[in-house]
Trainee: 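There's a structure below that I have some questions on.
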2 protein chains.
Amino acid sequence: MTKSEKFDSSFRVLAIVSKAMSHPARITILKYLAEVKTCISGDISKEIPLSRTTVLQHLKELKKVGLIHGEVEGSKVNYCLCQKSIKKYKGLFAEFLGSLDVEVVCKNESNC
Amino acid sequence: MTKSEKFDSSFRVLAIVSKAMSHPARITILKYLAEVKTCISGDISKEIPLSRTTVLQHLKELKKVGLIHGEVEGSKVNYCLCQKSIKKYKGLFAEFLGSLDVEVVCKNESNC
DNA sequence: AAAATATGTCGTAAATTTACGACATATTTT
DNA sequence: AAAATATGTCGTAAATTTACGACATATTTT
């Protein structure tokens, strides 16, 4: 259904990244990773009010778009922010939202 | 289920805006509105490869978070970008993604 | 070795999202 | 007034997302 090769490729990328950030748990995880400034164990269900499996699921979503990456170390997996993609996505969002910042002329001038 | 008062309020806002931008059709609509620099009829299904009702549905999503707003004018509705919220959200994203830009110290230094 | 810890894998229920068609209604056009 | 145009409202199917629990397995600890 959402077989959207119908849409512009760069728009699809933007949509995919947005989707990765479209859940408060995932935003919380990203922020947490930035705050502790280190890699965390995959089991951060103590920090997030969700079960371990659900948190794992969210970590997988973030990993899928490259916002984080995980390194296996013995019996645990350390997840870290991926600075490279974060910078890239920051640029993408700034560019896109910036491109929306234009003077719009409407008949009815009650702009919002 | 996603009764997430569990999460920080500002994180929830970010998630809601991200969700609004998480579909290529909606990104396309926003970009189109910026390009034509005017208000468009609710029926832009000629520009978007989706049916009229589906496009309407997407317009509603964008309206819900305030990225666009529609003005009824006779038998038609003109949708416009809402500069106010676009600027606000641009700031939010820049601030959030900027806050993720920190030096992360991991044991295994293969940062991405 | 046994217990504890950390993950991984499945399956599943409930909620949402996405995409449309069928109608109904209101407004313009001709 | 009739036809055309622009929306609005419903209902629905199929796909996805979200949240968990039950087990299985691998690795550390004790």
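In the text below, chain A, chain B and the rest are named by the order of the sequence lines, each starting its count at 1.
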Trainee: Which whole-number value in Å describes the distance from B:Phe7 CZ to D:dA19 C1'?
Mentor: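 Spelled out: CZ on B:Phe7 to C1' on D:dA19 is 11 Å.
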Trainee: Going by side chain to side chain contact (heavy atoms under 4.5 Å, CB included), B:His69 matches just one of B:Cys39, B:Cys82, B:Ser85. Which one?
Mentor: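 Going through the options one by one, the only one that passes is B:Cys82.
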Trainee: Would one find a side-chain N or O of A:Lys19 under 4.0 angstrom from OP1 or OP2 of D:dT17?
Mentor: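 Looking at the OP1 and OP2 atoms of D:dT17, one of them is under 4.0 Å from a side-chain N or O of A:Lys19.
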Trainee: Starting at NZ of B:Lys60 and ending at P of D:dG8, how long is that distance when rounded to a whole Å?
Mentor: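 Going from B:Lys60 (NZ) to D:dG8 (P), I get 7 Å.
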Trainee: Roughly how many Å is it from CG in A:Leu62 to P in D:dT17, rounded to a whole number?
Mentor: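 From A:Leu62 CG to D:dT17 P: 13 Å.
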Trainee: Can you list the stems that include DNA chain C, where a stem is three or more consecutive Watson-Crick or G-U pairs with distances under 3.5 Å?
Mentor: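 Stem list for DNA chain C: C:1-30 with D:1-30.
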Trainee: In whole angstroms, how far is the P atom of D:dA19 from the CD1 atom of A:Ile48?
Mentor: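 For the pair A:Ile48 CD1 and D:dA19 P, the rounded distance is 11 Å.
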Trainee: Side-chain donor-acceptor pair under 3.5 Å between A:Ser41 and A:Asp43, yes or no?
Mentor: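 The answer is no; no qualifying pair exists.
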Trainee: Whole Å only: how far is the CG atom of B:Leu59 from the P atom of D:dA6?
Mentor: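 Between P of D:dA6 and CG of B:Leu59: 15 Å.
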Trainee: Any side-chain to backbone donor/acceptor pair from A:Glu71 onto A:Val77? Under 3.5 Å, distance only.
Mentor: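 Judged by distance alone, no pair lies under 3.5 Å.
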Trainee: Scan the side chains in residues 52-66 of chain A for donor-acceptor partners under 3.5 Å anywhere in the protein, sequence neighbours excluded, and list what turns up.
Mentor:
from, atom 1, to, atom 2, distance (Å)
A:Thr53, OG1, A:Ser51, OG, 3.4
A:Thr54, OG1, A:Ser51, OG, 3.1
A:His58, ND1, A:Arg26, NH1, 2.9

Trainee: Would you check if the side chain of A:Glu95 reaches a backbone N or O of A:Lys90 as a donor-acceptor pair within less than 3.5 Å?
Mentor: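 Not confirmed, A:Glu95 side chain does not pair with A:Lys90 backbone.
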Trainee: For the residue pair A:Ser99 and B:Lys31, confirm or rule out a side-chain donor-acceptor distance under 3.5 Å.
Mentor: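 The criterion, which ignores hydrogens and geometry beyond distance, is satisfied for B:Lys31 and A:Ser99.
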Trainee: Taking all non-hydrogen atoms of both residues, which atom of A:Tyr79 and which atom of A:Gly42 are closest, and how far apart?
Mentor: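 Heavy atoms of A:Tyr79 and A:Gly42 come nearest at CE1-CA, 3.4 Å.
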Trainee: Give the rounded distance in Å between these two atoms: CG of B:Asp43 and P of D:dA4.
Mentor: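 For the pair B:Asp43 CG and D:dA4 P, the rounded distance is 17 Å.
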Trainee: Does OP1 or OP2 of D:dT17 have a side-chain N or O of A:His58 closer than 4.0 Å?
Mentor: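 So the side chain of A:His58 is outside the cut-off, no N or O lying under 4.0 Å from OP1 or OP2 of D:dT17.
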Trainee: Out of C:dG8, D:dT18, C:dT18, which has the shortest distance to the side chain of A:His23?
Mentor: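 Comparing C:dG8, D:dT18, C:dT18 against the side chain of A:His23, the answer is D:dT18.
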Trainee: Spell out protein contact along nucleotides 20-30 of chain C as letters: B when the base is contacted, S when just the sugar-phosphate is, - when no protein heavy atom is under 4.0 Å; keep the 5' to 3' order.
Mentor: BBB----SS--
Trainee: Measure CE/A:Met21 against P/D:dT17 and give the value in whole Å, please.
Mentor: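 Taking atom P of D:dT17 as the reference, CE of A:Met21 is at 17 Å.
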Trainee: Is there side-chain contact between B:Asp8 and A:Thr28, with at least one heavy-atom pair below 4.5 Å?
Mentor: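 Contact flag for B:Asp8/A:Thr28 side chains = no.
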Trainee: Using heavy atoms to find the nearest nucleotide of DNA chain D for B:Ile44 and A:Lys64 separately, return the residue whose nucleotide is more 5′.
Mentor: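 Going by which nucleotide is closer to the 5' end, it is B:Ile44.
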Trainee: Using every non-hydrogen atom in the two residues, find where B:Gln83 and A:Leu100 come nearest and quote the distance to one decimal.
Mentor: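 In this case the closest contact between B:Gln83 and A:Leu100 is NE2-O, 3.1 Å.
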